[in-house]
Number of protein chains: 2
Amino acid sequence: MIVRQAAHVLELLEYFASRRRPATLSEVAQDLGWPRSSTFNLLGTLAERGYLYEPRAREGYYPTPRLLHLAREISEAEPLPEAVTTLLRDLVEETGETAGIAAASGTEAVFIEVCESPRPIRYFARVGLRMPIHNTSCGRAILSQMGATERASVLRKVPFERFGPATPMSVSEVEAEIRRSVERGWFQNLAEFSQDLCGVSLPLPLGGRQLALVVAGPLNRMQERIPALAARMRRGLDHALAA
Amino acid sequence: MIVRQAAHVLELLEYFASRRRPATLSEVAQDLGWPRSSTFNLLGTLAERGYLYEPRAREGYYPTPRLLHLAREISEAEPLPEAVTTLLRDLVEETGETAGIAAASGTEAVFIEVCESPRPIRYFARVGLRMPIHNTSCGRAILSQMGATERASVLRKVPFERFGPATPMSVSEVEAEIRRSVERGWFQNLAEFSQDLCGVSLPLPLGGRQLALVVAGPLNRMQERIPALAARMRRGLDHALAA
DNA sequence: CCGCCTTGTTCATGGGTGTGGACAAAGAAA
DNA sequence: TTTCTTTGTCCACACCCATGAACAAGGCGG
């Protein structure tokens with residue numbers, strides 16, 4: 001069950017992030033399609049907790065830097081090493097494709113860091129973007145790091161659904177693909193999840209965390225480069241982990 | 001009316017900020033005193049939106065850096081100039097007391113930047129801390145920048161409540177004190193809000209924003225230094241605004 | 001100044017949601 | 001293995017809160 005008002009808080013914060021200036025009650029209500037009275041209550045709640053203020057009288061609310069402080073404290077506790085983020089930048093520069101770091105979240109994988117390709121046609125990803133864990137290269141790279149029972153308990157909950165002809169449709173197909181990938185030395189995904197989308201991933205164990213390094217782009221640009229790409233990622237990863 | 005689940009989101013994020021490591025459903029439920037089922041729904045909602053992930057299988061959830069990205073986008077849109085934050089640091093160093101920047105939020109003033117005194121006995125403030133707008137020095141420094149009608153509409157909603165012998169108990173008392181302060185050249189508060197607490201403030205108009213610079217500390221350390229303090233703040237402010 | 005329109009605030013109520021409890025799954029102990 | 005405890009998941013229902021509607025307060029144009 002999804003908690004509506006919790007989602008609304010996130011929606012409101014995202015609204016301010018894209019708007020980048022204060023908003024009055026009516027503006028928020030209109031833009032987000034909420035009743036004015038509900039908006040009133042929600043803004044009041046966030047303001048009371050010190051998360052909203054009024055930069056100018058009568059010009060509406062805007063988030064205080066309190067959120068930033070909170071987020072900093074949270075992120076500084078489990079940071080990604082500098083070497084990993086520079087690796088992402090290097091990979092994007094050399095390959096021209098989008099690179100990222102993903103982790104598990106229920107039956108999905110979620111990006112916790114992304115460096116986007118500069119090309120007009122590219123894999124468009126952002127931190128927080130989620131994708132199925134069983135039919136993406138980075139998802140399986142994460143799964144490969146779990147123990148058999150843990151992986152089983154995740155896969156049991158997966159809602160197998162067909163996205164394309166190559167989509168695996170059962171636990172055993174996923175397990176088989178993971179085995180093949182381990183032998184091969186890298187994880188890959190050829191349009192299993194989204195038409196035209198191709199990903200190459202490597203497991204990235206980091207301070208006990210089960211992460212994955214992934215480079216993804218359009219199938220036609222990626223397909224014949226996969227082995228070379230995987231080799232380059234492996235070198236970069238070994239170098240970064242050694243640091 | 002306070003929106004419970006919205007407040008719970010903030011509580012949860014603050015929980016992670018102080019805990020600084022992943023938490024399982026049961027731990028969250030126990031530590032925050034929520035029913036397990038409600039906790040389940042809330043965590044699920046945040047996870048679905050890409051704000052939570054599982055660093056290690058079976059070791060619980062932790063916020064993704066998505067929140068940090070969001071907060072950065074929000075704060076970069078209305079930043080405080082470098083000169084202001086260095087002014088705060090300078091003031092703390094020279095005076096030994098806590099310095100901060102405050103803004104309006106309904107009938108309260110809220111800190112949007114704080115630099116704390118290093119002394120063991122000090123005014124303890126954090127970004128997001130709120131205080132009544134009518135009986136604090138910084139609150140009145142903010143009010144002084146508003147037009148008469150705007151100020152009136154704020155003051156009409158103030159719940160006048162006695163915190164101490166000096167607390168102003170009516171709109172006209174507040175207006176009178178603001179007038180006195182403008183003539184005097186600075187705003188001050190001698191234990192009106194909290195026993196033993198003394199604040200000195202100056203209005204800080206910044207890009208149209210109605211802010212206030214405040215230095216606060218224990219009454220006995222502050223009282224006879226007030227004029228000197230105010231003069232020092234004025235100099236620093238003029239210098240910072242010129243930059 | 002007076003209407004008119006927009007914005008902000010309050011409140012009673014019924015539809016949606018938080019929660020207790022039942023169940024399932026996974027460790028822990030034996 | 002089996003049993004016991006802990007943790008995670010599901011669900012129906014009572015209750016509470018989100019909301020529509022009414023009201024108050026500004027703002028604006030005439």
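From a predicted model like this one, the values you see are computed outputs, not experimental measurements. Chain naming here is simple, since letters A, B, ... match the order of the sequence lines and numbering starts at 1 in each.
- Side-chain contact check for B:Trp34 versus B:His8: some heavy-atom pair is nearer than 4.5 Å.
- As rounded to whole Å, 12 Å separates atom P of D:dG8 from atom CD of B:Glu59.
- Put simply, CD1 on B:Ile2 is 17 Å from P on C:dC11, counting in whole angstrom units.
- The side chain of A:Ser26 has C:dG8 as its nearest neighbour among C:dG18, D:dG26, C:dG8.
- Proximity of A:Leu43 to A:Leu25: side-chain heavy atoms (C-beta onward) are separated by under 4.5 Å at one or more points.
- Side-chain N/O atoms of B:Ser37 and base N/O atoms of C:dG18 include no donor-acceptor pair closer than 3.5 Å.
- Straight-line distance from the CD atom of A:Glu27 to the C1' atom of C:dT7: 11 Å, rounded to whole Å.
- Contact check, A:Arg4 against D:dA18: no side-chain N or O comes under 4.0 Å of OP1 or OP2.
- Atom-to-atom, NE2 of B:His8 to C1' of D:dC17 comes out at 13 Å; the value is rounded to the nearest Å.
- Annotation: side chain of A:Arg58 is not in contact with side chain of B:Thr149 (no heavy-atom distance under 4.5 Å).
- Checking A:Ser153 against B:Ser38, the closest nucleotide of DNA chain C that is more toward the 5' end is the one next to B:Ser38.
- Look at B:Gln5 and you'll find a side-chain N or O under 4.0 angstrom from OP1 or OP2 of C:dG18.
- Contact between the side-chain N/O atoms of B:Arg156 and the OP1/OP2 oxygens of D:dG26 is found at a separation under 4.0 Å.
- Mapping A:Arg58 and A:Trp34 onto DNA chain D via the closest heavy atom, the residue that lands nearer the 5' end is A:Trp34.
- Rounded to an integer number of Å, the gap from B:Arg36 CZ to C:dA22 P is 13 Å.
- If you look at B:Tyr53 and B:Tyr61, their ring centroids are not closer than 6.0 Å.
- Note: CE (B:Met146) to P (D:dG26) measures 14 Å, nearest angstrom.
- Distances were taken from every side-chain heavy atom of B:Thr24 (C-beta onward) to each of C:dG8, D:dG8, C:dG18; the shortest belongs to D:dG8.
- As rounded to whole Å, 17 Å separates atom C1' of D:dG27 from atom CG of A:Leu25.
- The side chain of A:Phe40 approaches C:dT10 more closely than any other nucleotide in the set C:dT10, D:dT9, C:dT19.
- Atom-to-atom, CD of A:Gln30 to P of C:dC5 comes out at 17 Å; the value is rounded to the nearest Å.
- Using cut-offs of 30° and 60° on the angle between ring planes, the pair A:Tyr123 and A:Phe111 is tilted.
- With D:dC17, D:dC11, C:dT10 as the choices, the nucleotide that has an atom nearest any side-chain atom of B:Met1 turns out to be D:dC17.
- For A:Lys157, a side-chain nitrogen or oxygen approaches OP1 or OP2 of D:dT9 to under 4.0 Å.
- Heavy-atom distances to DNA chain C give each of B:Pro35 and A:Ala152 a nearest nucleotide, and the one nearer the 5′ end belongs to B:Pro35.
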